[in-house]
Amino acid sequence: MNFQVRRSSETIEVLLSGRLEFTDHDSLPDIVELLNGEGTRRFILDMDGLTFIDSAGIGMLLILQDEAEQRNIKLILRKLQGDVLRSIELARIGEVVAIER
């Protein structure tokens, strides 16, 4: 998985691309660290470029949700499609994390 970051006054947007899977767990601390930006209220994961997510990737989303919640930041998953959307729907992540289509 690769990611790029865009920042505005109250929002951090992380653009994900490639595959989000177990081998990406080393990147999670870098993404969690982004939550520490001063004044951040919304943290958006733009998943338009993501082609695959496995159960470990879904677990990482849940960890990120927990970290965001502890900081009173709203985590939003955006632009889910294809197999990634199906995996997120099957795991019922939308019950825990906000999803924008």
For Gln4, look at atom CD and say whether over 12 heavy atoms of other residues, nucleotides or ligands are found less than 6.0 Å away. no
Is there a donor-acceptor contact under 3.5 Å from the side chain of Thr51 to the main chain of Gly18? yes
To the nearest 0.5 Å, atom CD1 of Ile73 lies from atom OG1 of Thr11 at 10.5 Å
Given the rule in the side chain to side chain contact (heavy atoms under 4.5 Å, CB included) test, do Phe52 and Asp83 qualify, once you have shown the distances and angles that lead to the verdict? CA-CA 6 Å; Phe52 176 82; Asp83 290 338; 5.6 Å; no
(Q) Quick one, Arg71 and Asn36 - any side-chain contact, counting heavy atoms below 4.5 Å? (A) yes
Here the gap from Glu100 atom CD to Lys79 atom NZ, rounded to the nearest 0.5 Å, amounts to 10.0 Å
Exercise. Given side chains that start at C-beta, do those of Leu28 and Glu67 come closer than 4.5 Å, heavy atoms only?
Worked result: no
Here the pair of heavy atoms bringing Met1 nearest to Asp24 is N-OD1, 3.0 Å
- Item | Donor-acceptor contact below 3.5 Å, side chain Asp54 vs main chain Phe22 | yes
Taken to the nearest 0.5 Å, the spacing of Glu38 CD from Ser9 OG works out to 12.0 Å
The single option from Ile12, Leu15, Ile44 that satisfies side chain to side chain contact (heavy atoms under 4.5 Å, CB included) with Arg6 is Leu15
query = If two hydrophobic side chains count as joined below 4.5 Å and joins carry through other members, does Ile93 share a cluster with Val32?
reply = yes
Ala56 and Glu21 have their tightest heavy-atom pair at CB-C, 4.4 Å
Does some side-chain heavy atom of Ile53 sit less than 4.5 Å from a side-chain heavy atom of Leu61? yes
*Please confirm whether the backbone N or O of Gly39 pairs with a side-chain atom of Glu10, one donor and one acceptor, at under 3.5 Å?*
no
One should read off an interatomic distance between Ile99 CD1 and Arg78 CZ, to the nearest 0.5 angstrom, of 12.5 Å
Tightest non-hydrogen contact, residues Ile58 and Ser87, listed as CD1-O, 3.9 Å
Value for CE (Met60) from CD (Gln65), rounded to nearest 0.5 Å, stands at 16.0 Å
The single option from Leu50, Leu20, Leu16 that satisfies side chain to side chain contact (heavy atoms under 4.5 Å, CB included) with Val84 is Leu50
Does Ile31 belong to the same Ile/Leu/Val/Met/Phe/Trp/Tyr cluster as Ile76, with side-chain heavy atoms less than 4.5 Å apart forming each link? no
